[in-house]
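Start at 1 with the first residue, then count along the sequence.
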Amino acid sequence: MDNKSIKKLEADLWESADLLRAGSKLTSQQYCMPVLGLLFLRYAYSRFKKVEEEIMKDRPVRNGRVMPVEASDFAEKSALYLPKEAQYSYLVNLPEDIKAANIVAENGQQMNSLGEVVNHAMELVEAQSEQLAGVLPKEYANFADDLLAELLRIFNNNALDDVGGDVIGRIYEYFLSKFAPAVASDDGVFFTPKSLVKMIVNILEPTSGVLADIACGSGGMFVQSGDFVNSKGMSANRTMTFYGQEKVEYNAQLCLMNMAVHGLTGVIKSGNEANTFYNDAHNLAGCCDYVMANPPFNVDKVKAEAAQNAGRLPFGLPSVNKANEVGNANYLWISYFYAYLNETGRAGFVMASSATDSQGKDKDIREKLIKTGHVDVMISVGNNFFYTKSLPCSLWFFDKGKAENLKDKVLFIDARNYFTVVDRTLNEWNDWQLKNMNAIVWLYRGETDKYQQLIEEYHSVLGDGNFDEILHGQEDSMKELRSEAKAAVDSAAKKDKKKIQAVFDEQIAEKEEQLTIAKEAVWLYSKFGDGEYQDIPGLCKIADLTEIEGKSWSLTPGAYVGVAPIKDDGVDFHERMGEIHEELLKLQEESNQLMETISKNLKEMGL
């Protein structure tokens with residue numbers, strides 16, 4: 001499901017759920033977490049059914065009977081096992097009169113309301129995962145049975161089965177922003193879009209060891225890392241150890257729910273002890289193989305003395321004001337991410353664009369950081385990547401285990417003009433654009449085999465041959481299909497037009513997908529051919545420390561990559577300006593004639 005479809009799903013779910021809230025006596029605060037809990041349960045059920053189907057494919061048979069699935073089977077597949085009474089289909093199909101149905105819990109207690117049954121379902125889920133103990137909402141007895149039954153029905157939407165792994169975080173933020181906008185935007189906290197998370201994970205390539213996210217929010221970094229590890233044929237729970245810190249309790253609960261539904265285990269701390277400025281909650285400084293995060297940007301009023309005492313500042317404190325406060329905490333976060341790495345660790349994080357060349361003490365810290373030789377890759381990201389914010393940002397990458405030949409080099413990528421437009425307010429990198437960006441990093445690292453595999457993947461999808469020729473062929477094919485569609489719809493009877501258009505729309509969508517892939521193949525191959533890195537003006541540049549020093553220790557990619565050459569469109573400038581001037585004079589003449597006609601008509605009307 002694409003972003004546009006997800007946005008429509010969110011809006012539809014919210015509209016239905018909020019109408020119910022408006023008709024109840026519940027406040028937004030009372031309503032928020034229980035609604036998110038139902039979303040969690042619905043998604044957990046979707047994942048449960050998918051994994052159950054996989055398990056049953058090769059299920060052994062004994063005495064003519066297929067062996068039933070067990071909780072351990074789901075743990076092997078990184079999924080959460082759901083007992084029957086905790087499965088969404090069971091809850092949504094319960095009879096209207098719960099009391100008459102004589103539903104009894106394990107302890108023999110009869111349940112007399114739908115709220116009690118749902119509370120019991122949450123308890124059963126918590127029993128399947130130690131890290132969920134006490135996390136799931138259990139206030140459903142406050143809901144009238146008819147209200148709760150309608151909510152269950154609303155979220156019994158098949159579209160939720162098609163949404164990717166970040167559904168909890170994504171829909172959570174949307175609902176939270178509706179319930180309490182002040183909370184959703186507090187201190188610069190906002191949901192990290194999937195394409196940014198994927199880029200960070202793809203470049204860091206986590207496989208085994210300790211991964212920390214000290215601003216973990218809803219746990220997207222953990223989930224995406226788990227997917228990456230599992231896609232390599234390994235088990236994330238066996239090879240990775242996840243640690244998180246999250247000051248906001250709501251977010252920490254959601255993180256645990258998000259991890260549990262993906263079968264991941266981790267240690268997440270929240271509240272005051274998880275305020276990263278003043279606490280290393282897991283004592284992980286110098287211990288992490290990977291650090292990933294999207295911290296809140298530009299936080300102010302951090303108590304300087306308390307932050308100093310908390311340590312993890314290898315390059316010193318940023319600027320402190322007269323109130324003995326750090327006025328902008330961006331370089332506190334940057335210092336922490338570096339400090340948490342072990343001797344070969346890698347870090348990837350999102351940061352405000354302004355941090356790449358901020359001045360004062362920030363510049364001093366940045367200089368010291370660059371001189372370690374551990375800054376690896378810097379990527380500029382354009383506007384509208386965030387779901388609720390329009391600001392640009394940068395992706396920073398550290399690598400303490402860089403190859404010796406790269407020790408004093410940094411790869412700069414300016415991707416501000418490279419993205420897919422989802423709608424007026426949202427951009428993203430599609431899967432092929434993510435692979436292309438990753439390919440630049442592979443070539444910088446000398447990993448040409450990975451680049452070659454990507455080229456082979458393009459050919460496996462598009463077929464053999466020259467990518468430019470394939471693209472031109474698909475463009476011609478698309479024009480023909482659109483023309484055919486228009487002719488077919490125009491000539492069809494009125495009652496058949498919609499049906500015929502729908503058939504062609506499906507064919508056009510398939511061709512558009514192929515066209516997109518072909519365009520991305522041309523984009524990559526035209527720059528790097530069979531796999532040799534080169535600096536591309538306007539896109540990427542490898543700079544050494546001498547060059548970076550010459551740029552006053554800036555880490556802004558645009559300062560290094562320059563501007564892409566403007567392609568000659570073959571139009572003579574002076575000739576075209578003359579044509580435009582003639583067109584303008586003609587339009588002015590038509591405008592004057594129109595004004596005369598209007599004035600004449602008004603006079604005739606006596607106005």
Closest approach of [X] and [Y], non-hydrogen atoms and distance?
X      : Y      : value
Cys216 : Cys255 : SG-SG, 4.0 Å
Phe397 : Leu204 : CD2-CD2, 3.8 Å
Leu426 : Phe386 : CD1-O, 3.9 Å

Would you call [X] and [Y] a side-chain contact if the rule is heavy atoms closer than 4.5 Å?
X      : Y      : result
Phe74  : Gln128 : no
Tyr243 : Ile214 : no
Ile200 : Phe349 : no
Ile268 : Gln131 : no
Leu313 : Leu332 : yes
Leu94  : Val92  : no
Arg238 : Ser208 : no

Would you check if there is a donor-acceptor pair between the side chains of [Y] and [X] at a distance under 3.5 Å?
X      : Y      : value
Tyr81  : Asp73  : no
Thr425 : Asp423 : yes
Asp289 : Asn342 : yes
Asn298 : Asn330 : yes
Thr420 : Asn430 : yes

Handout entry: Within residues 200-224 or reaching into it, pairs that qualify as salt bridge (Lys or Arg N to Asp or Glu O under 4.0 Å) - sequence neighbours excluded
Key =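 Of all non-adjacent pairs touching residues 200-224, those that pass salt bridge (Lys or Arg N to Asp or Glu O under 4.0 Å) are Glu205-Arg346, Glu205-Lys450.
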
Practice task
Mark yes or no: Lys198 above the aromatic ring of Phe228, with NZ or CZ under 6.0 Å from the six-membered ring centre and no more than 45 degrees from the axis.
Solution key: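 Judged by the rule (NZ or CZ under 6.0 Å from the ring centre, within 45° of its axis), Lys198 is not positioned above Phe228.
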
Could you pull out all donor-acceptor pairs under 3.5 Å where a side-chain atom in residues 112-120 meets a protein atom, sequence neighbours excluded?
unit_1	atom_1	unit_2	atom_2	d
Asn112	OD1	Gln110	NE2	3.4
Ser113	OG	Glu116	N	3.2
Glu116	OE1	Asn112	N	3.3
Asn119	OD1	Tyr140	N	3.1
Asn119	ND2	Gly115	O	3.4
Asn119	ND2	Lys138	O	3.4
His120	NE2	Glu106	OE1	2.6

Practice task
Under the side chain to side chain contact (heavy atoms under 4.5 Å, CB included) rule, collect the residues that match up with Gln308, sequence neighbours excluded.
Solution key: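 By the side chain to side chain contact (heavy atoms under 4.5 Å, CB included) rule, Gln308 matches Leu317.
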
Handout entry: Asn142: side chain to side chain contact (heavy atoms under 4.5 Å, CB included) partners, not counting sequence neighbours
Key =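 So Asn142 forms a side chain to side chain contact (heavy atoms under 4.5 Å, CB included) with Leu26, Glu139.
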
Handout entry: Cationic N near anionic O, under 4.0 Å, Glu457 to Lys435
Key =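 Here Glu457 pairs with Lys435 in a salt bridge, since their nearest N and O are under 4.0 Å apart.
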
Between atom [atom1] of [X] and atom [atom2] of [Y], what is the distance when rounded to the nearest 0.5 Å?
X      : Y      : atom1 : atom2 : value
Thr241 : His282 : OG1   : NE2   : 12.0 Å
Glu15  : Ile154 : CD    : CD1   : 10.0 Å
Asn294 : Trp333 : CG    : CH2   : 10.0 Å

Practice task
For Thr276, enumerate each residue passing the side chain to side chain donor-acceptor pair (under 3.5 Å) test, keeping only those at least two apart in sequence or located in another chain.
Solution key: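 Gln245.
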
Could you list the donor-acceptor pairs under 3.5 angstrom formed between side-chain atoms of residues 50-57 and any protein atom two or more places apart in sequence or on another chain?
unit_1	atom_1	unit_2	atom_2	d
Glu52	OE1	Lys49	NZ	3.1

Exercise for the section: Check the angle between the aromatic planes of Phe398 and Tyr338 and answer parallel, tilted or perpendicular using the 30° and 60° thresholds. Expected result: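 Rings of Phe398 and Tyr338: perpendicular, as their planes differ by over 60°.
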
Practice task
Verify the ring-centre separation between Trp396 and Phe337: is it less than 6.0 angstrom?
Solution key: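 No: the rings miss the under 6.0 Å criterion.
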
